[in-house]
Number of protein chains: 2
Amino acid sequence: MPIKDKGTEQLIKDTAKKIFFADGKLHATTQDIADAAGVNRTLVHYYFRSRKLLFEQVTEEAMNELRQMMSDAFTGKQPFKEKLKKLINVFMDQTIAYPYRELFLITETNRYNQEHADQVHDTHTKPFLAEIKEEMDKGNIQVMDPRHYMMNLFALMAYPLLSANLSKSFMKISDHEYHKLMKQRKQLIFDMIYPAK
Amino acid sequence: MPIKDKGTEQLIKDTAKKIFFADGKLHATTQDIADAAGVNRTLVHYYFRSRKLLFEQVTEEAMNELRQMMSDAFTGKQPFKEKLKKLINVFMDQTIAYPYRELFLITETNRYNQEHADQVHDTHTKPFLAEIKEEMDKGNIQVMDPRHYMMNLFALMAYPLLSANLSKSFMKISDHEYHKLMKQRKQLIFDMIYPAK
DNA sequence: TTAATGTTTGACAACTTTGTTAAACAAAGA
DNA sequence: TCTTTGTTTAACAAAGTTGTCAAACATTAA
């Protein structure tokens, strides 16, 4: 009995992620994905049954990665400052590799009148917000609604990479220069969001 | 001779903008647009010749709006602080009305291997960056690469509205509450980016 | 009223994209 | 070897999307 080959299935999924999350080609067809993966398009249907199911699986896994990142960064007993550093480090690395991941999630939920958009089931955000609140009470960070603090953090991390092409055009920055700027942002964001006293 | 009717043409364009920029439905077809506008799909071709030309026109106008906003906010002799307030006010209002406008521009340029993505021809960004630099020299705002400052500003304004559905899910915020948070952000962003001494 | 011009519609053609099927192929156990 | 099971392919079918056309309709000038 032949071993069920995980190779091709994984290849298709990884290629789809590359096209959606890294290249930002949200309008890619199953043919585009198959071509990029170097396989026959029928295999997409063989492994995933339909385009929609492939999309759902990719979406689901991207959501899990997001949750996992939150969980990894915010469990354990290190001080808030260290957790924050870790979060920025991991999320920025992910966003550099996959700048359009959130964009994909957003457009996919917008696509079908956000029926099942609400069931996210994340258990780590609440403790995160609570820790932010504590840190404000301690006087370590600027006082505001912790939800604003969280939005600011993710905005500063995600948006410049998301809008890279637009920003490069407007500010006339070369690819090389832009990359250099992005590398500086981990530290810069930390300093903005957790200022030295 | 009948007057060339600008009504229907404008209606189609406005509807397209509503679907793309406000609803974030980037995969909308010409049929979707025609239905939403309540007109026959053939009219889309009558007025715009092809789907691609409609898209290009919508893209072009969105880019012009962005440039216009920069120009409006950054010409004149008011102090930097006032210009900044004005920019935040106008851009936030635009982004609340059209949260997905930039997202549309980004995905459309990603779609066709960014051939003509570079020709933005914006003349207001450079003076803007220069004014930021001046303000840093005066000690009024935190010293960093002015381009980072600009990216931070736009990130803080655009991202929370862009990712509203995602944020609402993760933080379990209702539509009503989210709207309230967004209204607070004009002031909050100004305070972050131009802190009182 | 009639002619001219612009607008709107439905029917149809062309093309693209998705999904299905049967057959060929490959690997491994009996 | 032969059978079984899983994998890959090409051909085809179905659906969706875009684009064209001729005819109907509306408005205004002559």
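This is a predicted model, so every value here is computed, not measured. Naming: A, B, ... by sequence-line order, numbering from 1 per chain.
Between Leu43(A) atom CG and dT9(D) atom P the separation is 6 Å, expressed in whole Å. Across the protein-nucleic acid pair, Gln31(A) atom CD and dT18(C) atom P stand 9 Å apart, rounded to whole Å. Atom NZ of Lys25(B) and atom C1' of dT17(D) are 18 Å apart (whole Å). Protein atom CG of Asn40(B) is 15 Å distant from nucleotide atom P of dA26(D), rounded to whole Å. Between His45(B) atom NE2 and dT8(C) atom C1' the separation is 15 Å, expressed in whole Å. Straight-line distance from the CD1 atom of Ile33(A) to the C1' atom of dT17(C): 12 Å, rounded to whole Å. Between Leu54(B) atom CG and dT17(D) atom C1' there is a gap of 15 Å when expressed in whole angstrom units. Distance Tyr46(B) OH to dT9(C) P: 12 Å, rounded to the nearest Å.
Both tests hold for Lys85(A) against Phe190(A): distance to the six-membered ring centre under 6.0 Å, angle to the ring axis within 45°.
The listed nucleotides are dT18(C), dT7(C), dT8(D); the one nearest the side chain of Tyr47(B) is dT7(C). When each of dT17(D), dG19(D), dT8(C) is scored by its nearest atom to the side-chain atoms of Arg41(B), the top-ranked nucleotide is dG19(D).
For dT7(D), the OP1/OP2 oxygens have no side-chain nitrogen or oxygen of Thr8(A) closer than 4.0 Å.
For the salt bridge (charged side-chain N to carboxylate O under 4.0 Å, His left out) with Glu131(B), the qualifying choice from Lys81(B), Lys126(B), Lys83(B) is Lys83(B), the only one to do so.
Residues Thr30(A) and Thr42(A) both approach DNA chain C. Their nearest nucleotides, taken by heavy-atom distance, put Thr30(A) toward the 5′ side.
Using the six-membered ring where Trp is involved, Phe91(B) and Phe154(B) have ring planes that are perpendicular, over 60° apart on the 30 and 60° scheme. Phe128(B) and Phe74(B) have tilted rings, their planes meeting at an angle from 30° to 60° on a 0 to 90° scale.
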